Amino acid sequence: MKKILLIFFLFSISVYSQENKNYFVHLSSDPMVNPSAAIMSIHAASEALIQGHDVTYFAAGDGVKILMMNVITNLHTVTHHGGNSDRISKMAMNKLLEFSNNGGTIHVSAGSFLTYGITIENHKDHLINISKINWSYPKELIEESSKADIVFSY
């Protein structure tokens with residue numbers, strides 16, 4: 001009887017650990033100052049989505065720069081990750097594009113982008129080709145993060 005209870009207990013833990021969760025990944029670090037934070041935020045969001053979870057990626061503050069074409073394509077110039085080649089820059093861009101195309105939700109701080117002269121009207125001239133961007137403010141930051149079961153902040 002003890003073996004049956006142990007098996008049932010282990011099975012229930014396994015099933016619970018694999019249930020769908022809501023992840024919130026927040027990037028506020030400047031990718032050119034802290035590239036490891038930017039890279040980890042992209043990897044965490046991407047992996048959670050691949051594992052079948054609902055994932056919101058929210059870039060705010062200096063973190064919005066990760067979506068800027070001239071930043072993400074030059075990420076490799078400020079980190080040794082990727083072996084001093086542009087592989088890390090290409091990987092970061094590809095993972096963000098795949099994340100967006102495969103159902104991941106991306107929010108950006110409209111106010112933070114405004115400090116860099118980027119608006120909803122001109123963003124296509126400056127940002128990578130994300131399929132859908134949610135232009136947000138602190139209200140949405142609070143709303144989206146409060147829905148999450150798990151929060152990562154970089």
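Note that this is a predicted model, so its numbers are computed, not measured.
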Would you tell me whether Y137 and S109 have side-chain atoms, one donor and one acceptor, within less than 3.5 Å of each other? no
Would you give the length of the straight line joining atom NE2 of H26 to atom OG of S145, rounded to the nearest 0.5 angstrom? 8.5 Å
In one Ile/Leu/Val/Met/Phe/Trp/Tyr side-chain cluster, 4.5 Å: L127, I130: yes
Do the side chains of I42 and L97 join up, straight or via other hydrophobic residues, at under 4.5 Å, putting them in one cluster? yes
So, taking the atom named CD1 in I106 and the one named CG in L67, what distance separates them when rounded to the nearest 0.5 Å? 6.0 Å
Distance only, no hydrogens: is a donor on one side chain within 3.5 Å (strictly under) of an acceptor on the other, for N74 and T77? no
Verify whether one side chain among T73 and S89 offers a donor that lies under 3.5 Å from an acceptor in the other. no
Do the rings of F58 and H107 sit parallel, tilted or perpendicular, given the 30° and 60° boundaries? parallel
Residues E98, K95: salt bridge by 4.0 Å N-O rule: no
Does the side chain of H81 pick up a donor-acceptor pair with the side chain of S36 at under 3.5 Å? yes
Donor-acceptor under 3.5 Å (D30 side chain, M32 main chain): yes
Spacing of Y154 atom OH and S29 atom OG [to the nearest 0.5 Å]: 10.5 Å
Would you call the rings of W135 and H123 parallel, tilted or perpendicular, taking 30° and 60° as the class edges? perpendicular
